[in-house]
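Heads up, the thing below is written out as structure tokens.
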Amino acid sequence: MTFAELVAGSVHDAAPALVGWTLLVDGVGGRIVEVEAYAQDDEASHSFRGPTPRTAVMFGDPGHLYVYRSYGLHWCANVVCEERGRGAAVLLRALEPTHGLDVMSTRRGLDEPRLLCSGPGRLTQALGITSEHGGADITAPPFELLPPVAPVEVEPSSRIGISRAVDRPWRYVEAGTSWSSRARRAA
DNA sequence: CAGTGGATGCTCT
DNA sequence: GAGCATCCACTGT
């Protein structure tokens, strides 16, 4: 299954299947360990009330990036899923840093590996993703996607930071990872 | 370690 | 004018 085929399917299948892929931007990045699925029929999704100038990308082609500003200062990156017009996307919430640790440390202004990519705002800062990448094809340079080298076990849980549809278990975290955004407690 | 609140800008009501 | 798909510093134990 190629990445393009994967994200063309249901967002509820694509989201857990993205865990374990490695995402690089200009050779810098890491393994995806935490994501959340957002569907159009989903009160917590930006696409819930239909397309707007901000969310137009969500209703475009799968495999492209929907980037939005969060709380006025952070960028958050999503991979558009399903076919055109569906308004479905997967929010990238955490990576296990594997490539370009030094570059990410500089961009983040800290050395602690655990804090480089463990959060949606953190990983965009570490990878240099901004609104300039909004609408870009994530399967083309400067992006690079490497498939998992071994089967990945994924556990569903509730999504974080939302106030509606809180009960839907559409957050997917790699089992046993210590790199997720809620792994602040020691292992 | 847990809990709180400030920063900061854009979208939609 | 409210409300965020957040992060960090600071407080009090």
Side-chain angles (χ1 to χ4, degrees), chain A residues 7 10-12 14-19 23 29-30 32-60 62 64-82 86-97 104-136 138 154-174 177-187:
Chain A
V7 295
S10 163
V11 70
H12 299 298
L18 286 186
V19 176
L23 170 65
I32 299 170
V33 298
E34 177 181 354
V35 300
E36 286 177 0
Y38 287 87
Q40 203 208 338
D41 177 21
D42 174 3
E43 291 184 317
S45 175
H46 291 173
S47 61
F48 182 64
R49 294 171 199 284
T52 67
R54 175 178 62 147
T55 62
V57 173
M58 276 188 87
F59 291 87
H64 288 242
L65 271 187
Y66 167 51
V67 180
Y68 68 92
R69 204 190 269 284
S70 174
Y71 292 91
L73 52 159
H74 305 290
W75 297 107
C76 293
N78 301 249
V79 180
V80 176
C81 292
E82 308 188 1
R86 291 300 303 269
V90 173
L91 170 67
L92 303 177
R93 286 198 55 94
L95 308 180
E96 171 187 344
M104 293 193 280
S105 293
T106 300
R107 287 175 177 157
R108 294 275 297 118
L110 46 80
D111 291 327
E112 177 58 51
R114 175 147 293 121
L115 300 178
L116 290 181
C117 300
S118 59
R122 290 169 175 171
L123 77 86
T124 55
Q125 185 181 27
L127 271 58
I129 296 174
T130 68
S131 59
E132 292 179 20
H133 299 97
I138 200 174
V154 179
E155 294 175 339
S157 56
S158 296
R159 293 177 293 181
I160 293 177
I162 57 173
S163 58
R164 319 173 72 128
V166 180
D167 55 315
R168 306 200 189 182
W170 291 347
R171 172 178 180 243
Y172 300 97
V173 182
E174 179 178 16
T177 187
S178 55
W179 300 100
S180 82
S181 63
R182 287 290 173 95
R184 304 187 192 285
R185 301 186 72 89

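Scope of the values below: all heavy atoms of this structure, side chains included, with no hydrogens, waters or symmetry mates.
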Practice item. Would you check if A:Y71 stacks with the base of B:dG9, given a 5.5 Å centroid limit and a 30° plane limit, both strict? Key: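 Per 5.5 Å and 30° rule: no stacking.
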Of the candidate nucleotides [options], which contains the atom at the shortest distance from the side chain of [X]?
X      : options              : value
A:Y66  : B:dC12, C:dA5, C:dT6 : C:dA5
A:R122 : C:dA5, C:dC8, B:dA7  : C:dC8
A:R108 : C:dA5, C:dC8, B:dT11 : C:dC8
A:L110 : B:dA7, B:dG9, C:dC8  : C:dC8
A:R49  : C:dT6, B:dT13, B:dT8 : B:dT13
A:S163 : B:dC12, B:dG9, C:dC4 : C:dC4
A:T52  : B:dT11, B:dT8, C:dA5 : B:dT11

Check your understanding: Taking any strand in view, what nucleotide pairs with B:dT8 in a Watson-Crick or G-U wobble way, both distances under 3.5 Å?
Key ->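 With both distances under 3.5 Å required, B:dT8 matches none.
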Check your understanding: In the strands shown, is C:dA5 matched to any nucleotide by a Watson-Crick or G-U wobble pair with both distances under 3.5 Å, and which?
Key ->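 Pair assignment: C:dA5 / none.
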Practice item. By nearest nucleotide on DNA chain C, pick out whichever of A:Q125 and A:R164 is the more 5' one. Key: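 Looking at DNA chain C, the more 5' nearest nucleotide goes with A:R164.
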Check your understanding: Looking at CE of A:M104 and CG of A:L95, how far apart are the two atoms once the value is rounded to the nearest 0.5 Å?
Key ->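 So the CE of A:M104 and the CG of A:L95 are separated by 7.5 Å.
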**Study point:** Between C1' of B:dT11 and CG of A:L73, the distance in whole Å
**Key:**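 Rounded to whole Å, this separation is 16 Å.
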Check your understanding: Do A:R122 and A:S118 meet the criterion of a side-chain donor-acceptor pair at a distance under 3.5 Å?
Key ->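 A donor-acceptor contact under 3.5 Å links the two side chains.
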Exercise for review: Look at all strands and tell whether A:R159 reaches a base, only sugar-phosphate, or nothing, counting heavy atoms closer than 4.0 Å.
Suggested key: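 It contacts nothing in the nucleic acid.
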Point to revise | Inter-nucleotide P distance (B:dG3, C:dA5), Å rounded | key: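 Straight-line distance between the two P atoms is 22 Å.
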